[in-house]
Amino acid sequence: MGSMRLFFSISLFCIASSSILKFRPSNDVQDLYDYLMKPSVPSRNRNPEYYKQFGLEVPTQLKAFSYTNCGNPATELAVLTALTVSPDPIALPGTVTIGFGVNIRKTFDSPLQMSVKIEKSVFGTYITIPCVENFGSCDYSDFCAILAGVQCPGEFVDKGIPCKCPFTNGNYTLPGISFPVDVPFLPSGDYRASANMTYNGLNVGCYQIMATFA
């Protein structure tokens, strides 16, 4: 489970298990959170007639996992050169396989600030999942503190890939690592997530991921 949390922190899927900035949400925020965390049918599995019967435009279907850089790759300290996730859609509980390549141009350490935004598609419109008990669209003052207690997976150790602060400069590649995920921390549906990381005023990296959970 430790390795699962590590890897999803890098690829923006481990925020569910972190715990730094807890607060008591208002009833409205909690109601919205509870609504968005209910399972829904991914757009790729719906017939266009479903939307038409409600007088809605047929949304653009999310047909495959994808990621994009939402910052400036020319100035970022870390740049993803590859990121793969399978199966697609991601089936949880189940076994997930992730591979990546990253070029860390300059070593960065604590405090690693991270701003995360997670959205879920509702009738073709992406709605922000609020931050509740440190899960959802949250700001983290130092993500290094979350990674500090993580045990590095053997695959990372064997290849010399850093999994906690400091992240030293270098080119790192992991062809693929498979691990079981026991809990459906994101219910079925289409999601869009982004993470913007900074270190001492420098841009570490900004990435947006679009994925379907089944």
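This chain uses plain numbering: 1 for the first residue, then up along the sequence. The analysis underlying the following values was restricted to heavy atoms, covering all of them including side chains, and did not include hydrogens, waters or symmetry mates. Everything numeric here is computed off the predicted structure, so don't read it as measured data.
Within the 4.5 Å cutoff, the side chain of Met210 has heavy atoms near those of the Leu62 side chain. With a 4.5 Å cut-off on side-chain heavy atoms, Tyr126 and Tyr191 do not count as touching. Taking the side chain as every heavy atom from C-beta outward, Pro187 and Leu36 never approach each other to under 4.5 Å. A heavy-atom distance below 4.5 Å is found between the side chains of Val132 and Gln30. Proximity of Lys164 to Cys152: side-chain heavy atoms (C-beta onward) are separated by under 4.5 Å at one or more points. You'll find the side chain of Leu147 reaches within 4.5 Å of the side chain of Phe167, heavy atoms only. Residues Arg44 and Pro89 form a side-chain contact, since some pair of their non-hydrogen atoms from C-beta on lies under 4.5 Å apart. Residues Pro93 and Asp182 have side chains not in contact (no heavy-atom distance under 4.5 Å, counting atoms from C-beta outward).
When the side chains of ILVMFWY residues are joined at heavy-atom separations under 4.5 Å, either directly or via intervening members, Leu202 and Phe143 end up in a single hydrophobic cluster. Cluster membership check: Phe100 shares its hydrophobic cluster with Val85, using side-chain heavy-atom separations under 4.5 Å among Ile, Leu, Val, Met, Phe, Trp and Tyr. A continuous path of Ile, Leu, Val, Met, Phe, Trp and Tyr side chains, each step under 4.5 Å between heavy atoms, connects Ile118 with Ile127, placing both in one hydrophobic cluster. Placement of Val41 and Tyr51 in two distinct hydrophobic clusters is found when ILVMFWY residues are connected by side-chain heavy-atom separations under 4.5 Å, directly or transitively. Note: the hydrophobic cluster containing Leu186 also contains Tyr35 (ILVMFWY, side chain heavy atoms under 4.5 Å, direct or indirect links).
Atom CG of residue Leu83 and atom CD1 of residue Ile98 lie 7.0 Å apart, to the nearest 0.5 angstrom. In this structure, the separation between OG on Ser188 and CD1 on Ile90 is 12.5 Å, given to the nearest 0.5 Å. Between the CD atom in Gln151 and the SG atom in Cys163 there is a gap of 9.0 Å [rounded to 0.5 Å]. Atom CG of residue Leu32 and atom CE of residue Met37 lie 11.5 Å apart, to the nearest 0.5 angstrom. For the atom pair CD1 of Ile129 and NZ of Lys117, the computed distance is 11.5 Å after rounding to the nearest 0.5 Å.
Shortest non-hydrogen contact noted between Phe108 and Leu77 is CB-CD1, 4.1 Å. Residue Pro111 comes nearest to Ser141 through the heavy atom pair CB-O, 4.0 Å, listed as atom of the first residue, atom of the second, then distance. Contact record, Pro87 with Val96: CD-CA, 4.5 Å, taken as the closest heavy-atom pair. The shortest heavy-atom contact between Tyr50 and Phe123 is OH-CE2, 3.5 Å.
Checked options Asn103, Thr81, Val102; the residue passing with Tyr172 is Val102 (criterion: side-chain contact (heavy atoms from CB on, under 4.5 Å)).
Donor-acceptor pairing under 3.5 Å is lacking for the side chains of Asn72 and Glu76. Residues Tyr207 and Asn69 have side chains that bring a donor and an acceptor to within less than 3.5 angstrom of each other. There is no side-chain donor-acceptor pair under 3.5 Å between Ser115 and Asn196. At a cut-off of 3.5 Å, with distance as the only test, a side-chain donor of Asp142 or Ser110 sits close to an acceptor on the other residue. A side-chain donor from one of Asp190 and Ser43 sits under 3.5 Å from a side-chain acceptor of the other.
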Before you tell me yes or no, could you show the steps for Ser137 and Thr128 under side-chain contact (heavy atoms from CB on, under 4.5 Å), namely the whole-Å CA-CA distance, both residues' side-chain angles and the distance that decides it to 0.1 Å? CA-CA 7 Å; Ser137 302; Thr128 301; 3.1 Å; yes

Between Asp88 and Lys63, does a salt bridge (charged side-chain N to carboxylate O under 4.0 Å, His left out) hold up when you go through it step by step? CA-CA 9 Å; Asp88 185 12; Lys63 297 181 178 180; over 6 Å; no

Output, in order, the C-alpha distance, side-chain angles, deciding distance and verdict of side-chain contact (heavy atoms from CB on, under 4.5 Å) for Met197 and Gln113. CA-CA 6 Å; Met197 296 167 285; Gln113 296 179 320; over 6 Å; no

After noting the C-alpha distance and the side-chain angles of Ile161 and Leu174, does the key distance pass the side-chain contact (heavy atoms from CB on, under 4.5 Å) rule? CA-CA 8 Å; Ile161 301 174; Leu174 188 68; 4.0 Å; yes

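Counted within 6.0 Å of NZ on Lys120, heavy atoms from surrounding residues, nucleotides or ligands total more than 12; the atom is thus considered enclosed. For Glu57, the CD atom is loosely surrounded, since the number of other residues' heavy atoms within 6.0 Å does not exceed 12.
Put simply, the side chain of Ser66 never gets that close to the backbone of Ala211: no donor and acceptor are under 3.5 Å apart. Looking only at distances, a side-chain donor or acceptor of Thr107 sits under 3.5 Å from a matching main-chain atom of Asn169.
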